[in-house]
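Everything below concerns the one structure shown next.
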Number of protein chains: 2
Amino acid sequence: MTEEKQLQCPMNLLMGSIGGKWKISLLWALKETKRFNELQKLFDGITQTMLTKQLRELERDGFVHREVYKQVPPKVEYSLTDMGTDFLPILYNMNDWGAKHFEELKSKG
Amino acid sequence: MTEEKQLQCPMNLLMGSIGGKWKISLLWALKETKRFNELQKLFDGITQTMLTKQLRELERDGFVHREVYKQVPPKVEYSLTDMGTDFLPILYNMNDWGAKHFEELKSKG
DNA sequence: GATCATAGTATCATAATTGATACTATATAC
DNA sequence: GTATATAGTATCAATTATGATACTATGATC
């Protein structure tokens, strides 16, 4: 769609921020603050490169806060910003929805 | 993530179905039944090929119903299935959320 | 001074998505 | 009999997204 249409539609704007392959699942995982390491273990199909990229994008888009501790070895914690936290209820709804239609989804996809 | 982890998590299962670039916006557009043609005009950055593909996947995954009318020129209508309709409230929430955070989203992304 | 742990970055390769273009089918209107 | 409209399909190219692998930095520990 055109730049203009995209800007005018809240849904498309939102999708521009959280439309990536891992984004929604990442936000979901970050309902509790997590270290880079923990996320990597949780998403064991994601590479470091991808994880870093997705997290940085979510940070840039204002959903995720990145807290670097001056330690060695490094410690970096990821958590939801206010805006990200405000999105949580929708994620809960989605999770509930997924649970409700679990069998149906499994049989098709 | 592994096949198993994916299957066990409702969120990831759901994302597998509606995680594509256009899927959520398409479902949103289909809150009212639409013809192929109308969708194409609405998403004026999508090619026929892509639109067909995404619609077929949504159909396969049980979100969208495809009704073919035996006419010439052809007429095909797309609408939400019961499952798709059940997902609508979440889409409304997302749209509201997007409207609420419109400026914030625009300034970042 | 070698090793470990963490959170990366850099580079290149591969896979997936998207796009461009041309083509098909056919009842109806001209 | 030619053009038109709709909803596609087929084929190939270009662009993005994703992945694999190797590498970096450094204080603490052995």
Side-chain angles (χ1 to χ4, degrees), chain A residues 1-3 5-6 12 15-27 29-30 32-61 63-80 109, chain B residues 1-3 5-6 12 15-27 29-30 32-61 63-80 109:
Chain A
M1 54 217 83
T2 64
E3 222 24 59
K5 277 195 187 171
Q6 261 188 341
N12 289 333
M15 281 305 100
S17 291
I18 62 167
K21 182 177 177 184
W22 307 92
K23 298 269 180 76
I24 289 185
S25 297
L26 267 175
L27 289 177
L30 288 176
E32 296 104 18
T33 297
K34 288 204 170 54
R35 297 181 61 173
F36 186 86
N37 218 8
E38 297 180 271
L39 289 170
Q40 219 183 330
K41 275 172 206 154
L42 218 54
F43 295 80
D44 71 346
I46 199 173
T47 55
Q48 255 182 338
T49 320
M50 243 323 106
L51 184 54
T52 300
K53 195 185 160 214
Q54 303 288 307
L55 285 169
R56 291 295 157 82
E57 287 178 11
L58 285 172
E59 190 193 3
R60 180 202 63 195
D61 292 343
F63 285 82
V64 162
H65 173 70
R66 179 166 174 268
E67 183 79 33
V68 183
Y69 295 83
K70 297 225 167 214
Q71 301 181 358
V72 168
K75 173 177 172 180
V76 179
E77 278 186 352
Y78 292 90
S79 56
L80 297 179
Chain B
M1 59 216 75
T2 63
E3 221 27 57
K5 278 195 187 173
Q6 263 188 339
N12 289 332
M15 281 305 100
S17 291
I18 62 166
K21 180 177 177 184
W22 307 91
K23 298 271 179 76
I24 289 186
S25 298
L26 267 175
L27 289 177
L30 289 176
E32 295 103 19
T33 298
K34 287 202 171 54
R35 297 181 63 172
F36 186 86
N37 219 8
E38 299 180 271
L39 289 170
Q40 221 183 329
K41 276 172 206 154
L42 217 55
F43 295 80
D44 70 345
I46 199 173
T47 54
Q48 256 183 339
T49 321
M50 244 321 108
L51 184 54
T52 301
K53 197 186 159 211
Q54 302 289 306
L55 285 169
R56 291 297 156 80
E57 286 178 12
L58 285 171
E59 190 192 3
R60 180 203 61 195
D61 292 344
F63 285 82
V64 162
H65 172 69
R66 180 168 175 267
E67 183 79 33
V68 183
Y69 294 84
K70 296 227 168 212
Q71 301 181 356
V72 168
K75 173 178 172 180
V76 180
E77 279 186 350
Y78 292 90
S79 56
L80 297 178

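Side chains included, hydrogens not; waters and symmetry mates left out as well; all remaining heavy atoms used. Labels below follow one simple rule: chain letters A, B, ... track the order of the sequence lines, proteins then strands, and each chain is numbered from 1.
- Among the candidates A/Leu26, A/Leu27, A/Asp61, the single residue satisfying the side-chain contact (heavy atoms from CB on, under 4.5 Å) test with A/Ile18 is A/Leu27.
- The side chain to side chain contact (heavy atoms under 4.5 Å, CB included) test applied to A/Gln71 returns A/Tyr69, A/Lys75, not counting sequence neighbours.
- Separating the CD atom of B/Glu67 from the P atom of D/dT6 is a distance of 19 Å, rounded to the nearest angstrom.
- D/dG8 atom P lies 10 Å from atom CD of B/Gln40, rounded to whole Å.
- Side-chain atoms of A/Lys23 come within 3.5 Å of backbone N or O of A/Ser17 as a donor-acceptor pair.
- Across the protein-nucleic acid pair, A/Lys75 atom NZ and D/dG27 atom P stand 18 Å apart, rounded to whole Å.
- A search for side chain to side chain contact (heavy atoms under 4.5 Å, CB included) contacts involving B/Lys53 returns B/Met50, B/Glu57, not counting sequence neighbours.
- Contacts of A/Tyr69 with the nucleic acid, taken as non-hydrogen atoms under 4.0 Å apart, are absent.
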Are any protein N/O atoms closer than 3.5 Å to N/O atoms in nucleotides 17-26 of chain D? If there are, list each pair with its distance.
residue : atom : partner : partner atom : Å
D/dA20  : N6   : A/Thr49 : OG1          : 3.3

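- The CG-P distance, from B/Leu55 to C/dT18, rounds to 13 Å in whole Å.
- Protein atom NZ of B/Lys70 is 16 Å distant from nucleotide atom P of C/dA25, rounded to whole Å.
- Annotation: the terminal axes of the helix from C/dG1-D/dC30 to C/dC30-D/dG1 meet at 20°, where each axis is the rotation carrying the C1' atoms of four end pairs onto the next four (5 pairs per end, rounded to 10°).
- If you measure from atom CD of A/Gln71 to atom P of D/dT29, you get 13 Å, rounded to the nearest angstrom.
- From A/Thr33, atom OG1 reaches atom CD of A/Glu38 across 9.5 Å, with rounding to the nearest 0.5 Å.
- Atom CD in A/Glu59 sits roughly 15 Å away from atom P in C/dA7 (whole-Å rounding).
- Look at B/Arg56 and you won't find any side-chain N or O under 4.0 angstrom from OP1 or OP2 of D/dA7.
- Between B/Arg35 and the phosphate of D/dA5, there is no side-chain N or O to OP1/OP2 separation shorter than 4.0 Å.
- Distance check, rounded to the nearest 0.5 Å: CG of B/Leu30 to CG of B/Leu39 gives 5.0 Å.
- If you take CE on A/Met15 and CD1 on A/Ile24, they are separated by 5.0 Å, rounding to the nearest 0.5 Å.
- The distance between atom CZ of A/Arg66 and atom C1' of C/dT6, rounded to the nearest whole Å, is 12 Å.
- Legend: residues meeting side chain to side chain contact (heavy atoms under 4.5 Å, CB included) with B/Gln40, ordered by chain and number and at least two apart, are B/Phe36, B/Asn37, B/Gln48, B/Leu51.
- With sequence neighbours excluded, the residues satisfying side chain to side chain contact (heavy atoms under 4.5 Å, CB included) with A/Val76 are A/Arg66, A/Val68, A/Tyr78.
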